[in-house]
Amino acid sequence: MRFSKLLIPTLKEAPKDAVLPSHIYLVRGGFIYQVASGIYDFLPLGKRVLDKVRTIVKEELDAAGCQEVQLGFVTPAELWKKSGRYEKYGAELLRFNDRKGNEFVLGPTHEEMMVELAARFINSYKQLPANLYQINLKFRDEARPRFGLMRGREFIMKDGYSFHADHEDMVREFGLMEETYRKIFSRMGLDFRVVEADSGAIGGEGSKEFMVLAESGEDTIVVCEGCDYAANIEAAKRAEEDEVPEAPEADLMKFHTPGVTSIEDLAKFFRVDPYYLVKCVAKRAVYDGGKNEIVLFFLRGSDELQETKAANSVGANELADVTEEELERAGLVPGFIGPVAIRRDPLAEEKKGQIYTAAKAPFEIKTLFDNSLKGASQMICGANEKDYHLVGVDLAVLEDERFDDLVQVKVGDKCRECGGKLAYTKGIEVGHIFQLGTRYSEPLDARFLDRDGKSKPFVMGTYGIGVSRLLAAIIEQHHDEKGSIWPSSVAPFEVVVVVGNVKDEEQLRAGERIYEELISRGVDALLDDRPERFGFKMKDFELIGFPCAVVVGKRLSEGKVEIIERDGLARAEASLEEAAEKAAEIVG
RNA sequence: CGGGGUGUAGCGCAGCCUGGUAGCGCGCCUCGUUCGGGACGAGGAGGUCGAAGGUUCGAAUCCUUUCACCCCGACCA
């Protein structure tokens, strides 16, 4: 290919609306162009990279025994209604009618369609297992698309679905896909972590995400400094703390705490560690069909609520904030909500002094407790009365209440695997694999006839890769202040042969010769034969980020050319004869 | 969806406050000179000033409405 014939509109200035390096360099390098919010055109260079990424994904999946198919992008709404997601998916699902008034949606994911396909053609256990995938366009009408290809509305995704006769076989395939994904991302030169993940609205039992480590990542992941443990913060767990702060000592009693409502103020007021305070987080849990209720989540004052865990725990689709007015209407006292009420012990009435017993909370609202409060004693909590807190509360009285893991792991918490320290890091989600089970096959009635002659729903797994997002993720990890630095495996071209001055016949001929030799060696090469000045072409090489440049210029008179590696910009001299070989070595 | 911001030539911007009929840099076209780090000179093409309505003799500029895009947050199989 000749640079002069290719449409590569590089830009000297960054588009004003781009903030991430990947976005800036993809636009400046002439890879992509924004058409509308979250929708991009791929120009020749971008398309080449996209195809290379796509090819790697396809090669590895095919090697793992998967079969590529392609499903319709426009899908009948009927299928979505059948699975119950037509309503549930919400505003992200772009709905529209055709000329006859039939309802359709633009596919944001294809569980429904793929299950339908499997149900139609897979009838027997003899056809199982099967793993079908596609690399296709998706559309999600995101509330807030951003960061170029990182979070688009229209994007390319590889989505795969496996069908099995039993759970065991699905788990085996899940493991195979994890291995396959590791190979795929390694081939792209990515530094990534496989993390335990929340299953989200798609449901399912086991789920892992593939996170490319990058500061600009939108996901926070928890990693252990001592072992391999890594998890999305939405799913991260920690070991129980064994070094706890010294407990305050007090008998159960009501304490006047005028205006003291925040955990911070309470800790100061009582001079106790927040570990001994009971924090209440009130949320409105929203369920299918818009049903909702107020739920109170109780945890230690030293912890924060992890909303995804909390929502999963009550089976809600989402948790919304609750206003103080709503709390008051529900009979609660904002700022002084506690899990128990206090009442005078009637038997103790006659005795001197004040003796109380804690009882269940005086309200009929769903409550959930974090595991760390199980059997906690010497706690301080709201008294459900304005300006009062209870001290010396023993939560053992809550034995039959519902406990669950609700807390967000903090930096410095202890690892469950090895006891090491947990830390935060940022990641870009480029892959996600789920053990789905029968979540879709059941409602969509996708069944097969098993060995024993019984009809059973498929046991499924589902596996996704954000193909277009990968372009952004790769640049986030491979760039410098001059531009992108593509790994050879996905570079738009592996080597660019820069002719210093095309009006110099000798230079042009030498450049063409090296270019031809590279091509015959199977190297994906580009000849920069544009009638531009030397510096201009070098800037483009650095901006676009071809892994290697062969510069044919001034020193050609001595039979020498220059070979520059993009990563680090190290230069080496080579004779005209050995240039192609050396360049091929660098990108090989 | 809440908060903030921006829309003027392909890109980046000035002009707006204080209304008088649109300008700069880059890019693009032609010619010439240059030719190892985004060259120089001369000439040129290109804009319903996001859209609609209003005020005014006159609106890029003032007022109203609306749309698009970006950022922070909420949300995100």
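Any value given below was found using the heavy atoms of this structure, including those in side chains, with hydrogens, waters and symmetry copies removed. Reminder, nothing fancy here: chain letters follow the sequence lines and each chain counts from 1.
Taking atom CZ of residue A:R284 and atom P of nucleotide B:C75, one finds them 16 Å apart after rounding to whole Å. Spacing between atom CD of A:E218 and atom P of B:A74 amounts to 11 Å, rounded to whole angstrom units. With rounding to whole Å, A:R144 atom CZ is found 10 Å from B:A74 atom C1'. Between the P atom of B:C1 and the CD atom of A:E142 lies a distance of 15 Å, rounded to the nearest Å. Per the geometry, CG belonging to A:L7 stands 13 Å off P belonging to B:C28, to the nearest Å. Atom pair A:E307:CD and B:G73:C1' shows a separation of 13 Å (rounding to whole Å applied). Following rounding to the nearest Å, A:E558 (CD) and B:G36 (C1') show an atom-to-atom distance of 13 Å. Going from atom OH of A:Y89 over to atom C1' of B:C75 covers 12 Å, rounded to whole Å.
In terms of position on RNA chain B, the residue among A:Q507 and A:R469 whose nearest nucleotide sits closer to the 5' end is A:Q507. With RNA chain B read from its 5' end, the first of the two nearest nucleotides for A:F147 and A:M538 is the one closest to A:M538.
B:C71 and B:A60 are spaced 31 Å apart, taking the P atom of each and rounding to whole Å. Nucleotides B:U66 and B:G4 are separated by 16 Å at their P atoms, to the nearest Å. The same atom, P, is picked in B:C24 and in B:U65; the two are 35 Å apart, to the nearest Å. If you take atom P in B:G7 and the same atom in B:G12, they sit 11 Å apart, rounded to whole Å. A gap of 26 Å separates the P atoms of B:A22 and B:G27, to the nearest Å. One C1' atom belongs to B:G20, the other to B:G15, and the distance between them is 14 Å to the nearest Å. Taking the P atom of each, B:U61 and B:C17 are spaced 9 Å apart, rounded to whole Å. Taking atom P in both B:U18 and B:U64, the straight-line distance is 15 Å, to the nearest Å.
Aromatic ring orientation, A:Y181 versus A:F185: perpendicular (interplanar angle above 60°, classes split at 30° and 60°). Ring geometry for A:F192 versus A:F210: interplanar angle of 30 to 60°, hence tilted. By the 30° and 60° cut-offs, the orientation of the rings of A:Y25 relative to A:H479 is tilted.
Checked by distance alone, A:R533 brings no side-chain donor or acceptor within 3.5 Å of a matching partner on the base of B:G36. Side-chain atoms of A:R146 and base atoms of B:C71 include no donor and acceptor less than 3.5 Å apart. Checked by distance alone, A:N501 brings no side-chain donor or acceptor within 3.5 Å of a matching partner on the base of B:G36.
Under the Watson-Crick or G-U wobble criterion, with both distances below 3.5 Å, B:U55 has no partner in any strand shown. B:A74 makes up no base pair with any nucleotide shown, lacking Watson-Crick or G-U wobble contacts both under 3.5 Å. With a cut-off of 3.5 Å on both Watson-Crick or G-U wobble distances, the partner of B:G43 is given as B:C29. Nucleotide B:A9: unpaired (no Watson-Crick or G-U wobble partner with both distances less than 3.5 Å).
When the shell of 6.0 Å around CD of A:E577 is examined, it contains more than 12 heavy atoms from other residues, nucleotides or ligands. Heavy atoms of other residues, nucleotides or ligands lying less than 6.0 angstrom from CD of A:E218 number more than 12. The local environment of CD in A:E578 is crowded, with over 12 non-hydrogen atoms from other residues, nucleotides or ligands closer than 6.0 Å.
Minimum atom distance to the side chain of A:Q34 is reached by B:C70, of the listed B:C76, B:C70, B:G38. The side chain of A:V551 sits closest to B:G36 out of B:A74, B:G36, B:C35. If you check B:C76, B:C69, B:G38 against the side chain of A:R153, the one that comes closest is B:C69. Side chain of A:R28, nearest nucleotide from B:G73, B:G38, B:C75: B:G38.
When heavy atoms are screened at a 4.0 angstrom cut-off, A:E562 is found touching base atoms of the nucleic acid. At a threshold of 4.0 angstrom between heavy atoms, the contacts of A:K503 include nucleobase atoms, whether or not backbone atoms are also involved. Using a 4.0 Å heavy-atom distance criterion, A:G500 is classed as making no nucleic acid contact. If you check every strand for non-hydrogen atoms under 4.0 Å, A:D540 touches a base. Contact annotation for A:E542: base contact, defined as any heavy-atom pair under 4.0 Å involving a base atom.
A:D504 contributes a side-chain N or O that, together with a main-chain N or O of A:Q507, makes up a donor-acceptor pair within less than 3.5 Å.
Between A:S37 and B:A68 there is no side-chain polar atom (N or O) within less than 4.0 angstrom of OP1 or OP2.
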Output one line per pair: protein atom, nucleotide atom from nucleotides 4-12 of chain B, and distance, for all N/O pairs under 3.5 Å.
residue, atom, partner, partner atom, Å
B:U6, O2', A:K16, NZ, 3.2
B:G12, OP1, A:K16, N, 3.4

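Once the 5.5 Å centre distance and the 30° plane angle are applied, the aromatic ring of A:F534 is found stacked with the base of B:G36.
Checking each of A:F139, A:F155, A:W80 against A:P108 for a side-chain contact (heavy atoms from CB on, under 4.5 Å) leaves exactly one that passes, namely A:W80.
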Please assess A:D198 against A:N312 for the test side chain to side chain donor-acceptor pair (under 3.5 Å), listing each intermediate value before the final yes or no. CA-CA 9 Å; A:D198 168 56; A:N312 289 346; 2.6 Å; yes
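Between A:W486 and A:F546, the gap from one ring centroid to the other reaches at least 6.0 Å.
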